[in-house]
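Just so it is clear, the model here is predicted, and its values are computed rather than measured. All chains are named by letter (A, B, ...) in the order of the sequence lines, taking the proteins before the strands, and each is independently numbered beginning at 1.
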Amino acid sequence: MAVPDASKVRVRIAPSPTGFAHLGTASTALYNVLFGRANGGTFVLRIDDTDVERNRPEYELVIYESLHWLGLDWDEGPDKGGPDGPYRQSERLDLYKEHAARLLGEGKAYRCYCTPEELDAERKQAQAEKRPYKYSRRCLTNPPSGRPEFTVRFKVPGGEVKFTDMIRGEMSFDADLIGDFIIVKSDGYPTYNFASPVDDAAMKITHVIRGEEHLSNTPYQLMLVDALGYTRPVAYAHMPLILAKDGAKLSKRKHPEANLALYREQGYLPEALINYLALLGWNPGTSQEIFTFDELLRAFSFDRVQHAGARFDWEKLNWINGEYIRRLDDEELTRRLRPFLPNLDEATIRRAVPALKTRLTKLADAADLLDYLWTDPAPPELDPDSVESIRAAVHALNGVPWEPEPIHDALMQVVEESGAKPNKIFMPIRLAVTGKKISPPIDYTLALLPQDVAMSRLQRAIGGPA
RNA sequence: GGCCCCGUCGUCUAGUGGACUAGGACGCAGCCCUCUCAAGGCUGAGAUCGCGGGUUCGAAUCCCGCCGGGGCUACCA
């Protein structure tokens, strides 16, 4: 979508450090970066830490790490600074207080002394009478006295609130249905719907790109923007939600796949995750599935973003990740595999890489495939034929140069002499050496092991020297 | 309950009134390749386009109603 005016595009994400970094944060960040970069804009990271109860400073670091890992770097943020800092809402309290005071002074907001219990009772009664709930405005006309604690409520002007959503088009909400809502909590902190538009305005955010859960928050925020005399953002974009397999919104509690750290631990490539996330809720209109970041940048546009939530699907992610792994050159795969194979030296990993490449859906799988290199498998139960096969193999392998090709030739000799199918000979060897029925081709499997180790495992399997 | 968003193969989706016997991808099944497992190649199954009414010569596409899912309705964001 074209940018309507000449002013510099500024986008932002505003995660809350209330738990591990969320998949949705990555997705929102991606779309912000895609739109921001394509329009030569600035990407701002703001930390929305106004929930004193749930905030934890260490989670802020987790957010940084996850975003860096994905390559979604920001231009301004708490750690980098920038012209519109500070970028942590907990450090901008004075700003919100000023704005609240202004609203109070102009009669656009008022103090509310109602207790949570009283509010709850109001709400319950409305529900019992089957009438839509709106705050009664008791404290606007007739506030109780002698109560030290108060919140600040915005006096909702009502009317129709319209705005442009780059995905859904022209939106319109009836603000007469919205009750006076709280903008400053009794602890002095602003609520989300107050701090967010104030900061977006102060930070000159031109395009607000966020999850769909904020669609109905937008009229709240726009009324505040208007009341404060700020100019509204040029446009919004409310992205479809990422749903869990069961169709529910991805929650940190119920769905482990919401945790961004999981993908790094499992060995998903950041570029593969990005690719998958881009395709969740957006499509290029062509059959292309694999994109470099630059291709994404060029292809992305909000008018091809889906309106409905999309379910997260491990299978598709696995396939994309496998595609990316297969496209890595051997050197690069070796490098990326290193943290996942702490028991192996780099040379061994490098030798294993060609066989690994087509067998990995994620890097962590490599350990399952190669663990026979650092752990002795239990000797297998073998029938007499298998014992015979291994005995013949031990003879044939004796003194053979320890490389896949000579090993292969020697073993094929055994196969031919036995007149049996190759599998009859190879499977017992595989079992004896790896303890598993599945491995890369037997010659590679053997060659990766030091010759003496391989030979002793074979001998042990047949109960002594051949 | 009220307001808002949404509804095409199991999943992600193409589709904007006739080229739709509804296309692609993942997954699934079969075959080929093959020492096992993958990767790769080929083939196939899989969608009464949520349901019911309209409009039209003609509807997945337009209109209405219903149903279903999700979001907001918090001193969470």
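In this structure, CD1 of Ile320(A) is placed 12 Å from C1' of rU13(B), rounded to the nearest angstrom. Across the protein-nucleic acid pair, Phe291(A) atom CZ and rA25(B) atom P stand 14 Å apart, rounded to whole Å. Going from atom CG of Asn318(A) over to atom P of rC12(B) covers 16 Å, rounded to whole Å. Summarising the geometry, the separation between CG on Leu317(A) and C1' on rG27(B) is reported as 14 Å, rounded to the nearest angstrom. Atom P of nucleotide rG1(B) and atom NZ of Lys124(A) are separated by 18 Å, given to the nearest angstrom. Rounding to whole angstrom units, CG of residue Leu241(A) and P of rG70(B) are separated by 11 Å.
A search for side chain to side chain contact (heavy atoms under 4.5 Å, CB included) contacts involving Glu170(A) returns Thr164(A), not counting sequence neighbours. Looking at residues two or more places apart in sequence or on another chain, you find a side chain to side chain donor-acceptor pair (under 3.5 Å) between Tyr87(A) and Glu76(A). Applying the ring-ring contact (aromatic ring centres under 6.0 Å, His included) criterion to Tyr268(A), with sequence neighbours excluded, gives Tyr263(A), Trp314(A). Evaluation of the side chain to side chain contact (heavy atoms under 4.5 Å, CB included) rule for Glu91(A) yields Pro86(A), Arg88(A) as partners, not counting sequence neighbours.
Residue Gln125(A) places its CD atom among 12 or fewer non-hydrogen atoms of other residues, nucleotides or ligands, all under 6.0 Å distant.
Using Watson-Crick or G-U wobble geometry with both donor-acceptor distances under 3.5 Å, rC3(B) finds its partner in rG71(B). When both distances must be under 3.5 Å, the Watson-Crick or G-U wobble mate of rC35(B) does not exist. With both pairing distances under 3.5 Å, rA25(B) is matched to rU11(B) as a Watson-Crick or G-U wobble pair. Across the strands present, rC57(B) finds its partner in rG18(B); the criterion is a Watson-Crick or G-U wobble pair with both atom distances under 3.5 angstrom. Pairing of rC42(B), defined by two Watson-Crick or G-U wobble distances under 3.5 Å, is identified with rG30(B). Under the Watson-Crick and G-U wobble criteria, each requiring two contacts below 3.5 Å, nucleotide rC66(B) is paired to rG50(B).
Between Lys424(A) and Asp385(A) there is a salt bridge, since a side-chain N of the basic residue sits under 4.0 Å from a carboxylate O of the acidic one. Between Glu323(A) and Arg326(A) there is a salt bridge, since a side-chain N of the basic residue sits under 4.0 Å from a carboxylate O of the acidic one. A salt bridge does not link Glu60(A) to Arg46(A): none of the charged nitrogens lies less than 4.0 Å from a carboxylate oxygen.
Side chain of Ser66(A) to main chain of Ile63(A): no donor-acceptor pair is present (N/O by atom type, distance under 3.5 Å, no hydrogens or angles).
Between Gln306(A) and rA14(B) there is a side-chain polar atom (N or O) within less than 4.0 angstrom of OP1 or OP2.
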Are there any protein N/O atoms within less than 3.5 Å of an N/O atom in nucleotides 73-77 of chain B, and if so, which ones and at what distance?
{"unit_1": "rC75(B)", "atom_1": "O2", "unit_2": "Ser186(A)", "atom_2": "N", "d": "2.8"}
{"unit_1": "rC75(B)", "atom_1": "O2", "unit_2": "Ser186(A)", "atom_2": "OG", "d": "2.6"}
{"unit_1": "rC75(B)", "atom_1": "N3", "unit_2": "Ser186(A)", "atom_2": "OG", "d": "3.1"}
{"unit_1": "rC75(B)", "atom_1": "N4", "unit_2": "Cys114(A)", "atom_2": "O", "d": "3.3"}
{"unit_1": "rC76(B)", "atom_1": "OP2", "unit_2": "Lys185(A)", "atom_2": "NZ", "d": "2.9"}
{"unit_1": "rC76(B)", "atom_1": "O2'", "unit_2": "Asp51(A)", "atom_2": "OD2", "d": "2.8"}
{"unit_1": "rC76(B)", "atom_1": "O2'", "unit_2": "Arg54(A)", "atom_2": "NH2", "d": "3.0"}
{"unit_1": "rA77(B)", "atom_1": "OP1", "unit_2": "Thr50(A)", "atom_2": "O", "d": "3.4"}
{"unit_1": "rA77(B)", "atom_1": "OP1", "unit_2": "Thr50(A)", "atom_2": "OG1", "d": "2.7"}
{"unit_1": "rA77(B)", "atom_1": "OP1", "unit_2": "Lys185(A)", "atom_2": "NZ", "d": "2.6"}
{"unit_1": "rA77(B)", "atom_1": "OP2", "unit_2": "Tyr192(A)", "atom_2": "N", "d": "3.0"}
{"unit_1": "rA77(B)", "atom_1": "O3'", "unit_2": "Ser16(A)", "atom_2": "OG", "d": "2.8"}
{"unit_1": "rA77(B)", "atom_1": "O2'", "unit_2": "Ser16(A)", "atom_2": "OG", "d": "3.0"}
{"unit_1": "rA77(B)", "atom_1": "N6", "unit_2": "Asn217(A)", "atom_2": "OD1", "d": "3.4"}
{"unit_1": "rA77(B)", "atom_1": "N6", "unit_2": "Asn217(A)", "atom_2": "ND2", "d": "3.3"}
{"unit_1": "rA77(B)", "atom_1": "N1", "unit_2": "Asn217(A)", "atom_2": "ND2", "d": "3.3"}

Are there any protein N/O atoms within less than 3.5 Å of an N/O atom in nucleotides 3-5 of chain B, and if so, which ones and at what distance?
{"unit_1": "rC5(B)", "atom_1": "O3'", "unit_2": "Arg168(A)", "atom_2": "NE", "d": "3.4"}
{"unit_1": "rC5(B)", "atom_1": "O2'", "unit_2": "Arg168(A)", "atom_2": "NE", "d": "3.1"}
{"unit_1": "rC5(B)", "atom_1": "O2'", "unit_2": "Arg168(A)", "atom_2": "NH2", "d": "3.0"}

Sub-3.5 Å pairs of nitrogen or oxygen atoms, protein against nucleotides 35-40 of chain B:
{"unit_1": "rC35(B)", "atom_1": "O2'", "unit_2": "Asn423(A)", "atom_2": "OD1", "d": "2.5"}
{"unit_1": "rC35(B)", "atom_1": "O2", "unit_2": "Arg430(A)", "atom_2": "NH2", "d": "2.7"}
{"unit_1": "rC35(B)", "atom_1": "N3", "unit_2": "Ile442(A)", "atom_2": "N", "d": "3.1"}
{"unit_1": "rU36(B)", "atom_1": "O2'", "unit_2": "Lys437(A)", "atom_2": "O", "d": "3.2"}
{"unit_1": "rU36(B)", "atom_1": "N1", "unit_2": "Arg430(A)", "atom_2": "NH2", "d": "3.4"}
{"unit_1": "rU36(B)", "atom_1": "O2", "unit_2": "Ser439(A)", "atom_2": "N", "d": "3.0"}
{"unit_1": "rU36(B)", "atom_1": "O2", "unit_2": "Ser439(A)", "atom_2": "O", "d": "2.9"}
{"unit_1": "rU36(B)", "atom_1": "N3", "unit_2": "Arg430(A)", "atom_2": "NH1", "d": "3.4"}
{"unit_1": "rU36(B)", "atom_1": "N3", "unit_2": "Ser439(A)", "atom_2": "O", "d": "2.5"}
{"unit_1": "rU36(B)", "atom_1": "O4", "unit_2": "Pro441(A)", "atom_2": "N", "d": "2.9"}
{"unit_1": "rC37(B)", "atom_1": "O2", "unit_2": "Arg359(A)", "atom_2": "NH1", "d": "2.8"}
{"unit_1": "rC37(B)", "atom_1": "N3", "unit_2": "Arg359(A)", "atom_2": "NH1", "d": "2.3"}
{"unit_1": "rA38(B)", "atom_1": "O2'", "unit_2": "Thr358(A)", "atom_2": "O", "d": "2.1"}
{"unit_1": "rA38(B)", "atom_1": "N3", "unit_2": "Thr358(A)", "atom_2": "OG1", "d": "2.9"}
{"unit_1": "rA39(B)", "atom_1": "O4'", "unit_2": "Thr358(A)", "atom_2": "O", "d": "3.3"}
{"unit_1": "rG40(B)", "atom_1": "OP1", "unit_2": "Glu323(A)", "atom_2": "OE2", "d": "3.4"}

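Counting non-hydrogen atoms under 4.0 angstrom, Arg304(A) reaches the backbone sugars and phosphates but no base. Residue-level contact check: Gly281(A) touches the backbone only, with heavy atoms under 4.0 Å from sugar-phosphate atoms and none from bases. Glu315(A) comes within contact range of the sugar-phosphate backbone alone, with a heavy-atom separation under 4.0 Å but no base atom that close.
For the pair Glu257(A) and Leu23(A), the minimum side-chain heavy-atom distance is 4.5 Å or more.
The list of side chain to side chain donor-acceptor pair (under 3.5 Å) pairs with a residue in residues 246-255 of chain A, not counting sequence neighbours, is empty. Applying the ring pair (Phe, Tyr, Trp, His ring centres under 6.0 Å) rule to pairs touching residues 174-198 of chain A yields Phe154(A)-Phe181(A), Phe181(A)-Tyr220(A), Tyr192(A)-His214(A), sequence neighbours excluded.
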Give the table of side-chain donor-acceptor pairs shorter than 3.5 Å for residues 410-421 of chain A, with sequence neighbours excluded, one pair per line with atom names and distance.
{"unit_1": "Ser418(A)", "atom_1": "OG", "unit_2": "Val414(A)", "atom_2": "O", "d": "3.4"}
{"unit_1": "Ser418(A)", "atom_1": "OG", "unit_2": "Val415(A)", "atom_2": "O", "d": "2.8"}
{"unit_1": "Ser418(A)", "atom_1": "OG", "unit_2": "Ala420(A)", "atom_2": "N", "d": "3.1"}

Show which side-chain atoms of residues 434-445 of chain A pair as donor or acceptor with protein atoms under 3.5 Å away, not counting sequence neighbours.
{"unit_1": "Thr434(A)", "atom_1": "OG1", "unit_2": "Arg430(A)", "atom_2": "O", "d": "2.7"}
{"unit_1": "Thr434(A)", "atom_1": "OG1", "unit_2": "Lys436(A)", "atom_2": "N", "d": "3.0"}
{"unit_1": "Thr434(A)", "atom_1": "OG1", "unit_2": "Lys436(A)", "atom_2": "O", "d": "3.3"}
{"unit_1": "Lys436(A)", "atom_1": "NZ", "unit_2": "Asp368(A)", "atom_2": "O", "d": "2.3"}
{"unit_1": "Lys436(A)", "atom_1": "NZ", "unit_2": "Asp371(A)", "atom_2": "OD1", "d": "2.7"}
{"unit_1": "Lys436(A)", "atom_1": "NZ", "unit_2": "Asp371(A)", "atom_2": "OD2", "d": "3.3"}
{"unit_1": "Ser439(A)", "atom_1": "OG", "unit_2": "Arg430(A)", "atom_2": "NH1", "d": "3.0"}
{"unit_1": "Ser439(A)", "atom_1": "OG", "unit_2": "Thr445(A)", "atom_2": "OG1", "d": "3.0"}
{"unit_1": "Thr445(A)", "atom_1": "OG1", "unit_2": "Pro440(A)", "atom_2": "O", "d": "2.7"}
{"unit_1": "Thr445(A)", "atom_1": "OG1", "unit_2": "Pro441(A)", "atom_2": "O", "d": "3.0"}

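Relative ring orientation between Phe302(A) and Phe300(A) is described as perpendicular, the plane-to-plane angle rising above 60° on a 0-90° scale split at 30° and 60°.
A heavy atom closer than 4.0 Å to some atom of RNA chain B occurs in Gly247(A), Lys249(A), these being the qualifying members of residues 243-255 of chain A.
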